[in-house]
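Along the sequence shown, residues carry numbers from 1.
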Amino acid sequence: MRIGVIVSASASELGDPASMKTGIVRSLLFPRGAQYRVYSSLSERLRHELPARRLPFSYDYLHPQPSHLLTLTLHDLLPQSLDAYDARSALPSIANPSPLPIGHHLIYFPPQVSLSQLLPDGTDVLHTPGEPFNRRLWAGGNVRFSGNGPFLDGSRAVCIESIRNVAVKGREGDEKVIVTIERRVGTVPEGEETPRTWDRIWQRDEALQGDSSVIENRDLIFMRSKTAAQIQTDKEHFDDPARVVKAPPDPTFRHSILPTKPLLFRFSALTFNAHGIHLDKSYTQNNEGYRNLLVHGPLTLTLLLTVLQRHLSSLNLRIGSIEYKNLAPLFVEEQLTICGKPKNASGAWDVWIEGPDGGLAVRGTAQTCKFL
């Protein structure tokens, strides 16, 4: 049985983990003035500590430029629409603003941290459970869209993050920590005080919308670093065929995309994402044990949402919500195919992404509704 203890000490008194440049994670896990408390397991400790973190508000101004740059980045990869030429040739106007496109919330409210708050893999410290869980992957999540904007009119907005749930899975010594992060996006008047913003947008009951226009939950998996022997074993199997999970039959639509290194770089730049698995092949192979750069979890979600919405628009439908799981990695320079079909008469759709071998890489369910 593993025992976890909270002690009354500062990060400098505790000492930094060897793989971290600062004591920021320690100060999050062991805040000054905390009382002694003994936990019966790692799971109990993390389920107490992580949701208690008060994450900083992330403010942004909803200018059209980032969305426009994402549209340009995806333009040649997606099914063409009637307004494709306009989308490529002119920056949208703040005087006549358009609503934030489905999925484009992912490039606003980037992590507002300094370089010293980045871990060795390029991720930030805000959600990490700390040592020894130094590897991070995006496992899936869900998103709800209110259908009421926001508009790309340059107005001030906020993203309020909270850690809603923590789960520890696996045998002792080989655990995985799954951290569920809720992100609520809403507009904010200039000068509004933080407590008022919190009361309007964050809700104790997760089902309540509050004044949020987008509510997203992200499931992040944190794992231990791989040993040299594990990395060597991974490398020996880079060329082996992966286990294939069979995809659903008879999709209503299929659209294939070849993710390239420039695509991954531009999406990293738009999202302020320095995670090495998307940018550095040597790091990806020698530290994470993957054969090539991985397509971002949020980029995968963006592609899925955008292709689905293109298809639904012809049916006068929009995406109300989506729930999805990432089942297998998608790699740069390897074709992925986005598919979907109606699930039932209630407006639900099965959506999924197939890897180059036709197996399931992402699977989800979207709820649709009529345009207002």
Q. Is there a path from L315 to I322 through hydrophobic residues (I, L, V, M, F, W, Y) whose side chains come within less than 4.5 Å of each other?
A. yes

Q | Common cluster, L100/F267, ILVMFWY with side-chain heavy-atom separation under 4.5 Å | A |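 Same cluster.
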
Q | CA sep, side-chain torsions, deciding dist, call: T123, N273, side chain to side chain contact (heavy atoms under 4.5 Å, CB included) | A | CA-CA 7 Å; T123 63; N273 186 342; 5.7 Å; no

Short N-O contact, [X] and [Y], less than 4.0 angstrom:
{"X": "K341", "Y": "D250", "answer": "no"}
{"X": "E323", "Y": "R144", "answer": "no"}
{"X": "K261", "Y": "E333", "answer": "no"}

Cation over ring, [X] on [Y], under 6.0 Å and within 45°?
{"X": "R54", "Y": "W198", "result": "yes"}
{"X": "K226", "Y": "Y290", "result": "yes"}
{"X": "R183", "Y": "F109", "result": "no"}

Look only at the side chain of [X] and the backbone of [Y], and say whether a donor-acceptor pair between them is shorter than 3.5 Å.
{"X": "T128", "Y": "G130", "answer": "yes"}
{"X": "Q309", "Y": "L317", "answer": "yes"}
{"X": "Q117", "Y": "S114", "answer": "yes"}

Q. In terms of ring plane angle, is the pair H278 and H296 parallel, tilted or perpendicular, where the classes change at 30° and 60°?
A. parallel

Is it true that the side chains of [X] and [Y] contain a donor and an acceptor less than 3.5 Å apart?
{"X": "T180", "Y": "D219", "answer": "yes"}
{"X": "E44", "Y": "S41", "answer": "no"}
{"X": "H104", "Y": "S67", "answer": "yes"}
{"X": "W349", "Y": "T365", "answer": "no"}
{"X": "S146", "Y": "S213", "answer": "no"}

Q. What are the two closest non-hydrogen atoms of R224 and D174, and how far apart are they?
A.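 For R224 versus D174, the nearest heavy atoms are NH1-N, 3.9 Å.
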
Q) Closest approach of L106 and P298, non-hydrogen atoms and distance? A)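 That closest heavy-atom pairing would be CD1-O, 3.6 Å.
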
Q) Is the closest side-chain heavy-atom distance between I181 and L126 below 4.5 Å? A)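 Answer no - side chains too far apart.
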
Q) Is the closest side-chain heavy-atom distance between L78 and I257 below 4.5 Å? A) yes

Q: Could I get the full list of ring pair (Phe, Tyr, Trp, His ring centres under 6.0 Å) partners for W138, not counting sequence neighbours?
A: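 W138 satisfies ring pair (Phe, Tyr, Trp, His ring centres under 6.0 Å) with no residue once adjacent residues are dropped.
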
Q) Would the number of heavy atoms belonging to other residues, nucleotides or ligands and lying under 6.0 Å from CD of E236 be above 12? A) yes

Q. Excluding sequence neighbours, so at least two apart, what forms salt bridge (charged side-chain N to carboxylate O under 4.0 Å, His left out) with E288?
A. R135

Q: Take H63 and I94 through the side chain to side chain contact (heavy atoms under 4.5 Å, CB included) test and state the conclusion after the steps.
A: CA-CA 7 Å; H63 292 286; I94 288 180; 3.6 Å; yes

Q: Please assess E216 against R184 for the test salt bridge (Lys or Arg N to Asp or Glu O under 4.0 Å), listing each intermediate value before the final yes or no.
A: CA-CA 7 Å; E216 178 188 5; R184 289 178 172 253; over 6 Å; no

Q: Show your working on side chain to side chain contact (heavy atoms under 4.5 Å, CB included) between V177 and I221 and close with a plain yes or no.
A: CA-CA 6 Å; V177 181; I221 295 181; over 6 Å; no

Q. With S43, which residues qualify under side-chain hydrogen bond (donor to acceptor under 3.5 Å, both in side chains), at least two apart?
A. R47

Q. Would E192 and R200 count as a salt bridge (Lys or Arg N to Asp or Glu O under 4.0 Å) if you check the C-alpha gap in whole Å, the side-chain angles of each, and the deciding distance to 0.1 Å?
A. CA-CA 11 Å; E192 181 175 83; R200 284 195 307 105; 2.9 Å; yes

Q: List the steps, then state whether side chain to side chain contact (heavy atoms under 4.5 Å, CB included) holds for V351 with Y324.
A: CA-CA 9 Å; V351 290; Y324 67 99; over 6 Å; no

